[in-house]
Amino acid sequence: MLEQLKEIERTALAALEAVQDEAALETWRVAYLGRSSPLMQVFSKLGALAKEERPVVGQAANEVKKALEAAFGSRSEMLRQAALARALSEERLDVTLPGRPIARGRLHPDTQILRELYRVFAEMGFQVYRSREVESDEYNFQLLNFPVGHPARDMQDTYFIEAEGRGDNPIVLRTHTSPGQIRAMREMAALNPQNPPPVRIILPGMVYRYEQVDARHETQFDQLEGLAVGPGITFSDLKGTLTDMARRLFGPQARTRFRASFFPFTEPSAEFDIECFQCGGKGCDVCGSGWLEIGGSGMVHPVVLQNGGYDPARYTGFAFGFGVQRIAMLKYGIPDIRYFWENDLRFLEQF
Ligand code: DAH
């Protein structure tokens with residue numbers, strides 16, 4: 001009898017090992033713990049045993065019953081856990097994964113570089129002056145010493161908006177931020193026409209040109225113009241200001257270089273370059289020659305001062321202008337200007 005109980009326990013536990021789902025578990029329970037199971041038959045035969053055998057076999061049968069019930073319980077729990085894990089994995093839900101970060105908005109790289117430039121120039125005492133994007137030919141060209149028909153106009157292919165009945169003064173999209181120089185000077189001079197106050201401003205904004213679009217040219221882009229007018233302003237003030245700008249933008253070792261050039265509204269005029277931050281002047285992929293061409297500059301032409309209401313006998317000034325995207329491209333190593341306005345998140349999210 002005791003042998004038989006051992007055998008019942010062994011086969012029951014072995015059979016339980018093979019149970020993989022709730023239905024099989026129920027079948028197992030009926031077979032090994034149910035009313036007509038071999039174990040229950042042992043209990044029902046107890047009465048027929050000899051008196052001294054009865055408690056021994058009875059106790060052994062009880063222990064087997066407890067063992068099978070415990071095994072049933074833990075198997076049942078194991079199956080429940082496995083079923084839960086399966087359900088979770090089928091849902092692709094892993095509750096232990098960290099949450100997804102909420103995507104936050106960010107500033108366009110253009111806005112970021114503009115704000116950095118505002119900060120750099122604010123530290124040097126320049127205020128921001130905002131001028132209009134739709135201009136007249138007079139402000140965009142004539143008052144800046146580009147007379148009608150002047151060949152220097154060919155430097156900037158112009159979008160004309162309205163020419164009908166306007167003769168030599170059509171409406172244009174500004175091709176550069178320089179017309180803002182005249183508007184700012186006139187506004188300042190109007191405050192005190194006999195003694196116009198000094199001017200120290202930067203003029204940021206979009207400019208428009210009828211260009212063939214490629215990696216370096218867009219039909220619209222940002223310029224940053226600078227203008228300082230006052231008694232006794234010299235070319236060395238211009239050089240100092242732009243060199244300081246380069247150091248604040250690219251680090252204290254940045255050097256600048258000025259090359260003689262021509263613009264109708266400055267005399268003398270110079271293009272200015274910044275030593276390449278990438279290679280330190282040796283020449284590399286970013287710069288080619290070791291120097292980065294940044295923009296134009298010069299001493300404000302007497303005719304322009306006059307047109308702005310400042311007497312060129314008493315006032316001098318310097319001006320400069322450069323492409324904002326150019327600075328951003330150099331600073332961040334952006335190879336193509338078209339990325340700025342394609343609105344591709346793969347580009348924008350890098351800033
Ligand atoms: N307006 C010029 C351009 O768009 C850039 C420029 C050159 C601006 C020299 C200036 C300057 O103020 O002094 O090509």
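Order of listing sets the numbers, starting from 1, for every ligand and every atom in it. We use all heavy atoms of the structure for the numbers below, so side chains are in, but hydrogens, waters and symmetry mates are not.
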Open item on the list: Do E218 and V213 have side chains that approach each other closer than 4.5 Å (heavy atoms only, starting at C-beta)?
Closed with: yes

Task: S76 (side chain) donor-acceptor with F72 (main chain) under 3.5 angstrom - done: no

- [ ] Determine whether M185 and V304 make a side-chain contact, defined as any pair of heavy atoms from C-beta on separated by less than 4.5 Å.
- [x] yes

TODO: Taking all non-hydrogen atoms of both residues into account, name the closest pair between Y32 and L39 and its distance.
DONE: O-CB, 4.1 Å

Starting from the N and O atoms of ligand 1, find every protein N or O within less than 3.5 Å and list the pair with its distance.
{"residue": "ligand 1", "atom": "1 (N)", "partner": "H176", "partner atom": "ND1", "Å": "2.9"}
{"residue": "ligand 1", "atom": "1 (N)", "partner": "S178", "partner atom": "OG", "Å": "3.0"}
{"residue": "ligand 1", "atom": "4 (O)", "partner": "R209", "partner atom": "NH2", "Å": "2.8"}
{"residue": "ligand 1", "atom": "4 (O)", "partner": "Q223", "partner atom": "NE2", "Å": "2.8"}
{"residue": "ligand 1", "atom": "12 (O)", "partner": "Q181", "partner atom": "NE2", "Å": "3.2"}
{"residue": "ligand 1", "atom": "12 (O)", "partner": "E225", "partner atom": "OE2", "Å": "2.7"}
{"residue": "ligand 1", "atom": "12 (O)", "partner": "F320", "partner atom": "N", "Å": "3.3"}
{"residue": "ligand 1", "atom": "12 (O)", "partner": "F320", "partner atom": "O", "Å": "3.2"}
{"residue": "ligand 1", "atom": "13 (O)", "partner": "A319", "partner atom": "O", "Å": "3.2"}

Task: R106 to F351, cation-pi by 6.0 Å centre distance and 45° axis angle - done: no

- [ ] From the options Q156, R153, E135, select the one residue that forms a side-chain hydrogen bond (donor to acceptor under 3.5 Å, both in side chains) with T175.
- [x] Q156

